[in-house]
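Notes for the one structure printed next.
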Protein chains: 2
Amino acid sequence: MADIKPAQKGLFLRKSELRRGIELLFFAYRDFTAEADRVLAGYGLGRAHHRVIYFVARQPDITVSELLAILGITKQSLARVLSHLVAERFVEQRAGTHDRRQRLLRLTPQGAALEAMLTDLQCKRFAETYNAGGAESVAGFTQILRGLLDEPTRAQLLKLSPDHGD
Amino acid sequence: MADIKPAQKGLFLRKSELRRGIELLFFAYRDFTAEADRVLAGYGLGRAHHRVIYFVARQPDITVSELLAILGITKQSLARVLSHLVAERFVEQRAGTHDRRQRLLRLTPQGAALEAMLTDLQCKRFAETYNAGGAESVAGFTQILRGLLDEPTRAQLLKLSPDHGD
DNA sequence: GGTTTTATGTCAGCCATGTTGACCAATATG
DNA sequence: CATATTGGTCAACATGGCTGACATAAAACC
């Protein structure tokens with residue numbers, strides 16, 4: 001990093017370009033999540049519930065521990081939203097087969113329907129943008145986002161989808 | 001969008017690829033903001049304070065209204081963090097010259113120092129990633145993030161940096 | 001078999017940051 | 001001049017993070 005000559009190595013390393021990246025990430029994340037938030041509000045749910053539903057759909061029979069590791073929050077934070085989701089019949093729990101302390105989490109049909117609606121909504125936004133941008137833009141987008149991750153998160157994502165780094 | 005043939009139009013429109021995008025955005029945003037959050041915690045400040053400091057630095061003598069429009073939060077949410085920042089001498093206010101109801105906001109030297117430290121930290125992460133990815137990845141990254149924005153946000157960003165859409 | 005570790009849950013309570021609604025003051029406008 | 005708009009304050013509430021203490025059951029270990 002010490003020997004960078006902006007004019008040669010790339011104008012994209014100018015401070016103003018870096019600030020643009022910071023700002024785009026902030027606004028894109030905000031706008032992107034806001035859309036699902038509005039739907040969730042109609043069900044009396046929040047963003048935290050969405051994350052749980054999303055990752056339970058992604059990996060059925062996930063345990064509480066695994067979910068905690070993915071979300072990076074505390075037991076109590078998860079317990080609050082999870083017990084709410086169970087009470088409202090979006091998620092169901094059963095004891096683990098090998099280790100009966102574990103609670104394997106799955107979506108109920110109602111939960112699956114909600115997850116599908118939310119994910120379709122978000123996928124639609126991505127699909128339109130990807131489609132407009134083309135394969136190269138998508139490749140650049142994922143490349144840079146991956147680069148912004150902390151190393152442990154990168155490892156976690158590999159576990160989530162083994163072909164992650166294509 | 002109805003006539004897409006994934007095999008031709010792009011594998012990046014597969015559901016699994018779209019989910020990957022959703023997840024990358026979530027984790028990248030989380031990891032990216034967490035770094036600054038740790039610094040801020042040492043000053044007894046939070047992410048909301050950071051946003052204010054950032055945009056006041058970006059546009060000195062910004063008014064409260066303009067800041068509200070950029071941040072997209074309510075007056076009260078802003079007033080809380082802003083009055084804290086003023087009390088702790090990170091931000092100073094003066095009455096507007098034309099309209100004396102307005103409060104023009106600026107960073108104090110202390111505020112400017114903090115902003116510089118945080119922005120340098122975040123720019124460093126971006127610069128390393130951009131440098132590793134190259135100009136094409138950066139172009140794709142910004143293209144896709146811009147596509148994910150709501151239309152009003154896109155207009156707002158143009159006001160913030162007129163050459164935004166290059 | 002008894003002890004320790006692990007997986008999970010529960011309770012109380014704190015903090016940061018979002019929300020709404022009532023309200024005040026300064027300015028702009030018909 | 002009267003009223004509407006704009007800029008800002010305060011009180012009160014909701015969400016979703018956090019900590020720490022503790023309970024229980026199952027599993028693992030010696």
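Just so you know, these numbers use all the heavy atoms, side chains as well, and skip hydrogens, waters and symmetry mates. Each chain gets a letter, A, B and so on, in the order the sequences are listed, and its residues count up from 1. Worth saying up front: this structure is predicted, and the values here are computed from it rather than measured.
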Closer than 4.0 Å, any side-chain N/O of [X] to the OP1 or OP2 of [N]?
{"X": "A/Ser83", "N": "C/dG9", "answer": "no"}
{"X": "B/Arg101", "N": "D/dT6", "answer": "no"}
{"X": "B/Ser77", "N": "C/dT19", "answer": "yes"}
{"X": "B/Arg51", "N": "C/dG18", "answer": "yes"}
{"X": "B/Thr74", "N": "C/dG18", "answer": "no"}
{"X": "A/Arg103", "N": "C/dA7", "answer": "no"}
{"X": "B/His49", "N": "C/dT17", "answer": "yes"}

Between [N] atom [atom2] and [X] atom [atom1], what is the distance in whole Å?
{"X": "B/Glu88", "N": "C/dA16", "atom1": "CD", "atom2": "P", "answer": "12 Å"}
{"X": "B/Arg80", "N": "D/dT15", "atom1": "CZ", "atom2": "P", "answer": "15 Å"}
{"X": "A/Leu40", "N": "D/dT15", "atom1": "CG", "atom2": "P", "answer": "13 Å"}
{"X": "B/Leu71", "N": "D/dG7", "atom1": "CG", "atom2": "P", "answer": "15 Å"}
{"X": "B/Tyr29", "N": "D/dG17", "atom1": "OH", "atom2": "P", "answer": "13 Å"}
{"X": "B/Asp37", "N": "C/dT17", "atom1": "CG", "atom2": "C1'", "answer": "12 Å"}
{"X": "B/Ile53", "N": "C/dT17", "atom1": "CD1", "atom2": "P", "answer": "11 Å"}
{"X": "B/Leu85", "N": "C/dA16", "atom1": "CG", "atom2": "P", "answer": "13 Å"}

Nearest-0.5 Å distance that lies between atom [atom1] in [X] and atom [atom2] in [Y]:
{"X": "A/His84", "Y": "A/Leu82", "atom1": "NE2", "atom2": "CG", "result": "11.5 Å"}
{"X": "A/Arg19", "Y": "A/Leu24", "atom1": "CZ", "atom2": "CG", "result": "14.0 Å"}
{"X": "A/Leu149", "Y": "A/Arg146", "atom1": "CG", "atom2": "CZ", "result": "8.5 Å"}

Between A/Gln76 and B/Gln102, name the one whose nearest nucleotide on DNA chain D is closer to the 5' end.
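This one resolves to B/Gln102.
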So which one's nearest nucleotide on DNA chain D is more toward 5', A/Arg47 or A/Lys75?
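Nearer the 5' end of the strand: A/Arg47.
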For A/Glu66, answer base if it contacts any base atom (sugar-phosphate contacts may also be present), sugar-phosphate if it contacts only those atoms, and nothing otherwise; contact means non-hydrogen atoms under 4.0 Å.
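Answer is nothing: A/Glu66 stays at 4.0 Å or more from every strand.
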Could you check whether A/Gly44 gets within reach of a base, just the sugar-phosphate, or nothing at all, counting any heavy atom under 4.0 Å?
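Result for A/Gly44 = nothing.
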May I ask you to decide if the ring planes of A/Phe141 and A/Tyr130 are parallel, tilted or perpendicular, using 30° and 60° as cut-offs?
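Geometry flag for A/Tyr130 against A/Phe141: perpendicular rings.
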When the ring planes of A/Phe27 and B/Phe55 are compared, do they come out parallel, tilted or perpendicular, using 30° and 60° as the limits?
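Because their plane-to-plane angle lies in the 30° to 60° range, the rings of A/Phe27 and B/Phe55 count as tilted.
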Nearest listed nucleotide, side chain of [X], among [options]:
{"X": "B/Ser65", "options": "C/dG18, C/dG9, D/dG7", "result": "D/dG7"}
{"X": "A/Arg100", "options": "C/dT19, C/dG9, D/dA26", "result": "D/dA26"}
{"X": "A/Ala79", "options": "C/dT10, C/dG18, D/dA26", "result": "C/dT10"}

When you measure from the side chain of A/Arg103 to the backbone N and O of A/Thr63, does any donor-acceptor pair fall under 3.5 Å?
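Side chain of A/Arg103 to backbone of A/Thr63, a donor-acceptor pair under 3.5 Å: no, none is there.
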